[in-house]
Amino acid sequence: MQALDLEVVEAARRWHAEGHDLWWCTVLSTFGSAPREPGALLVARADGRHVGSLSGGCVEEAFLARLAAGAFRAPAEVIAYGDGAGAIDADRVSLPCGGRLEVLVERWPADARASRELEAYAEALRGANLMERRVPLDGGRCGWQLADAPGPRVERRAETVRIRIGPVARLVIAGISPVSQYCAQFAQALGFEVVVCDPRAEAWAGFDAGDARCRRELPSEYLRRHPAHAMTAVVALTHDPRLDDLTMLEAVRGSAFYIGVMGSKRTSANRAERLRRSGGLDDEALGRIRMPIGLDLGSKTPAEIALATLADVVRVMRGR
């Protein structure tokens, strides 16, 4: 999940507390070059205020116009935009390259049921487990349960939509360096929750963390208290083996989907030997660590190294 999902949920919780009815929209499927992926969220109020995105512009305008005209009164319905039979506003909304998307629209009155759904969403995004939300299209009650497997983010089976909701994608940056600065900026732009850890007081001077969470402690200590969940990437970026090696030893204990440490091929070979000899890591654990970190782009500058690092993180997260 992305941090934007949490922004949508928090906005919805504020509006619900103020007594507003909500229209909760989830992208179900895309075809062609639809701009957003399945699972993308948008929440809207009757007055047109909204947070989130379905397409990046054109679909939102069409949806809000129909909402203002009194549409979407059912508890749950599926609408389509773009090319193809049955698409809503097909003559007005043309997605790039002939794309098409389907959207689940749920009407949530300002009642206790909506409050429970929003609390469950917030808990799923802040927790460590992958949850599954089942939405019956006949207007029945929604259900939540632990997901039995990762699988697609959204599935439609007969008259039930199954949506997998998990923790917001997190990037733990171990140590402050010029590369760390760019990694924090790039990751926040990509929608990651960013945590920066460094125990050295002098390292924080001049470091612009943006909206990142700053922890003045050893990254290994942070990971010990907050084990990496399945949507966590851990990157060590200082060239200081005392900090980087401890981070690697703790990171492999968790479920991080990406673990990487900066260094040349020679440095990486020496580190692997240290981690094997002194840290007791076996081949399986060492195989989880990307040494050297990132895609081989021929990067030279800190910004280029950060770009290669985040590109590799996204590649692995997307299953490529």
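A quick note: this is a predicted structure, and the numbers were derived from the prediction, not measured.
What you find for Asn129 and Pro167 is that their closest heavy atoms are O-CD, 3.8 Å. Here the closest heavy-atom approach between residue Ala233 and residue Val313 is recorded as CB-CG1, 3.9 Å. Here the closest non-hydrogen pair linking Phe186 and Ala303 is CE1-O, 3.6 Å.
Cluster note: Val234 groups with Val172, Val195, Tyr222, Leu223 through ILVMFWY side-chain heavy atoms spaced under 4.5 Å, whether in direct contact or through intervening members.
No side-chain heavy atom of Thr30 sits under 4.5 Å from any side-chain heavy atom of Glu37. Within the 4.5 Å cutoff, side-chain heavy atoms of His229 are placed close to those of Arg170. Between Glu77 and Leu137, every side-chain heavy-atom pair lies at or beyond the 4.5 Å cut-off. Contact check for Phe63 versus Val103: no side-chain heavy atoms found under the 4.5 Å cut-off.
How far CG of Asp5 is from CD1 of Ile165: 8.5 Å, rounded to the nearest 0.5 Å. Remark: Leu310 CG to Arg315 CZ distance equals 13.0 Å, nearest 0.5 Å. Here the CG-CZ distance, from Asp198 to Arg216, works out to 9.5 Å after rounding to the nearest 0.5 Å. The structure places CZ of Phe72 at 7.0 Å from CG of Leu67, a figure rounded to the nearest 0.5 Å.
Pairs passing the ring pair (Phe, Tyr, Trp, His ring centres under 6.0 Å) check and including a residue from residues 233-274, sequence neighbours excluded, do not occur. Residues in residues 293-304 take part in no salt bridge (Lys or Arg N to Asp or Glu O under 4.0 Å) pair, two or more places apart or across chains. Sorted by first and then second residue, the ring pair (Phe, Tyr, Trp, His ring centres under 6.0 Å) pairs involving residues 99-146 (not counting sequence neighbours) are Trp24-Trp108, Trp24-Tyr121, Tyr121-Trp144. Pairs passing the side-chain hydrogen bond (donor to acceptor under 3.5 Å, both in side chains) check and including a residue from residues 282-292, sequence neighbours excluded, read Arg276-Asp283. Judged as a side-chain hydrogen bond (donor to acceptor under 3.5 Å, both in side chains), the pairs with a partner in residues 174-192 (not counting sequence neighbours) are, in order, Ser177-Ser180.
Side-chain atoms of Asn270 do not come within 3.5 Å of backbone N or O of Glu273 as any donor-acceptor pair.
Remark: Glu159 engages no residue in a salt bridge (charged side-chain N to carboxylate O under 4.0 Å, His left out) (not counting sequence neighbours). Applying the salt bridge (charged side-chain N to carboxylate O under 4.0 Å, His left out) test to Glu123 and every residue at least two apart in sequence or in another chain returns nothing. Asp208 pairs by the salt bridge (charged side-chain N to carboxylate O under 4.0 Å, His left out) definition with nothing, not counting sequence neighbours. Among residues two or more places apart in sequence or in another chain, the side-chain contact (heavy atoms from CB on, under 4.5 Å) test is passed with Pro241 by Asp245, Arg274. In this structure Arg13 satisfies the salt bridge (charged side-chain N to carboxylate O under 4.0 Å, His left out) test together with Glu10, Glu119, sequence neighbours excluded. Applying the side-chain contact (heavy atoms from CB on, under 4.5 Å) rule to Asp240 yields the partners Thr238, Arg242, Leu243; only residues at least two apart in sequence or on another chain are considered.
The existence of a salt bridge linking Glu106 and Arg133 is confirmed by a sub-4.0 Å separation between a basic side-chain nitrogen and an acidic carboxylate oxygen. With respect to Asp47 and Arg45, a salt bridge is recorded, a charged nitrogen being found less than 4.0 Å from a carboxylate O. By the 4.0 Å N-to-carboxylate-O rule, Glu217 lies close enough to Arg225 to be salt-bridged with it. Between Arg271 and Asp244, at least one side-chain N (NZ, or NE/NH1/NH2) sits under 4.0 Å from a carboxylate O, which counts as a salt bridge. Between Arg224 and Glu250 there is no salt bridge, since no side-chain N of the basic residue sits under 4.0 Å from a carboxylate O of the acidic one.
Between Glu102 and the options Val78, Ile79, Val154, a side-chain contact (heavy atoms from CB on, under 4.5 Å) holds for only Val78.
Other residues, nucleotides and ligands contribute only 12 or fewer heavy atoms inside 6.0 Å of the CZ atom of Arg266.
Side-chain contact annotation: Glu60 with Ser53, donor-acceptor N/O pair under 3.5 Å present.
Under the 4.5 Å side-chain heavy-atom criterion for Ile, Leu, Val, Met, Phe, Trp and Tyr, Ile293 and Met291 are members of distinct hydrophobic clusters.
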Run the numbers on Arg126 and Leu6 for side-chain contact (heavy atoms from CB on, under 4.5 Å), then give the verdict. CA-CA 8 Å; Arg126 290 198 175 97; Leu6 194 55; 4.2 Å; yes
